[in-house]
Amino acid sequence: MDIIIRENYEQMSKCAAEIIAGYVKAKPDCVLGLATGGTPIGTYRELIKMHREGLDFSQVRTFNLDEYLGVGIDLGKTYDLDQSYARFMYEELFKHINIKRENIYIPDGQTKDPKKFCMWYEQEIKKAGGIDLQLLGLGGDGHWGFNEPGSSLGSRTRVQALTEQTLDDNYEAFYKKANIARSQMPHFAITMGTGTILEAKNILMIVNGSKKADMVAKCLEGPITSQITATAIQLHSGDISVVLDQAAASKLKNSDHYKFVEKMKRQYGL
Ligand code: GLP
């Protein structure tokens with residue numbers, strides 16, 4: 001696991017975007033797993049800049065981690081008061097790059113048959129040959145995707161009830177600004193499971209801010225537990241990059257070691 005610590009949010013975002021761009025350049029038809037939330041916005045802005053300078057997304061396929069249940073849209077059609085992750089992705093990334101509509105997969109929050117949909121989603125990931133690189137943030141309660149405390153570490157794509165903490169966090173970050181009452185927020189979501197995430201070939205996790213410093217330390221240096229589902233990152237067998245800003249890294253016990261390893265790897269081109 002490469003733990004990369006950068007000065008601030010901008011540097012973290014640049015570093016993450018460079019990692020993603022590396023995959024796209026090496027394999028133009030790569031499959032990216034994408035994430036939502038405040039954290040990846042800077043990364044997406046960097047990717048948009050890179051696209052304007054020639055980075056080509058025309059063959060890239062994407063699978064988003066999750067979506068609120070009860071919302072979701074035809075990309076680009078319904079926006080008003082819509083806080084769906086489909087809208088988020090469209091606004092923050094897709095409408096700015098040359099990705100093809102048919103190559104974008106986001107869980108359908110409006111599905112009439114969530115169970116069937118979730119099985120279909122898993123199959124589509126397999127049909128695409130699996131996810132080459134999965135981008136992830138870290139929830140305040142230690143979730144990745146929407147895998148809340150207590151979710152099995154082998155879980156697959158499914159419907160998940162959201163915790164009060166997640167509702168609070170996401171209300172503050174998104175719904176409040178859109179003038180939507182907290183009681184009106186979706187309380188359920190469709191999410192890839194931890195088992196699904198662990199099947200991605202490679203993982204890129206990004207976290208910023210001192211509010212998440214404790215959770216980052218638990219996730220990377222604490223015991224693996226279904227109470228903090230992102231601790232399962234320690235079980236992954238592919239390339240793992242965790243890019244943090246200084247504030248998010250501030251509670252790590254071994255940060256000097258991680259910095260040393262990064263310096264050595266750069267020095268020796270590893
Ligand atoms: C949501 C998403 C997660 C994301 C988390 C963190 O709960 N389902 O995938 O990682 O928010 O969000 P933020 O980046 O806004 O802190």
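Since we're looking at a predicted model, the values are computed, not measured. For ligands, and for the atoms within them, numbers begin at 1 and follow the listed sequence. Values below: every heavy atom of this structure, side chains too, minus hydrogens, waters and symmetry copies.
Ligand 1 is surrounded by T36, G37, G38, T39, D66, Y85, G137, L138, H143, G145, F146, N170, K212, each with at least one heavy atom closer than 4.0 Å.
Heavy atoms from other residues, nucleotides or ligands lying under 6.0 Å from NZ of K27 number more than 12.
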Under 3.5 Å, sequence neighbours excluded: what are the donor-acceptor pairs made by side chains of residues 188-195?
unit_1, atom_1, unit_2, atom_2, d
T191, OG1, F146, N, 2.9
T194, OG1, W144, NE1, 3.0

Side-chain donor-acceptor distances from residues 217-225 under 3.5 Å, at least two apart:
unit_1, atom_1, unit_2, atom_2, d
E221, OE1, K253, N, 2.8
E221, OE2, K253, N, 3.3
E221, OE2, N254, N, 3.0
E221, OE2, Y258, OH, 2.6
T225, OG1, Q227, N, 2.9

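For F174, the side-chain contact (heavy atoms from CB on, under 4.5 Å) partners two or more places apart in sequence, or in a different chain, are Q83, F88.
The one candidate from T39, L244, L136 that meets the side chain to side chain contact (heavy atoms under 4.5 Å, CB included) condition with V207 is L244.
Listed for the E122 side chain is a donor-acceptor partner under 3.5 Å among the backbone atoms of T157.
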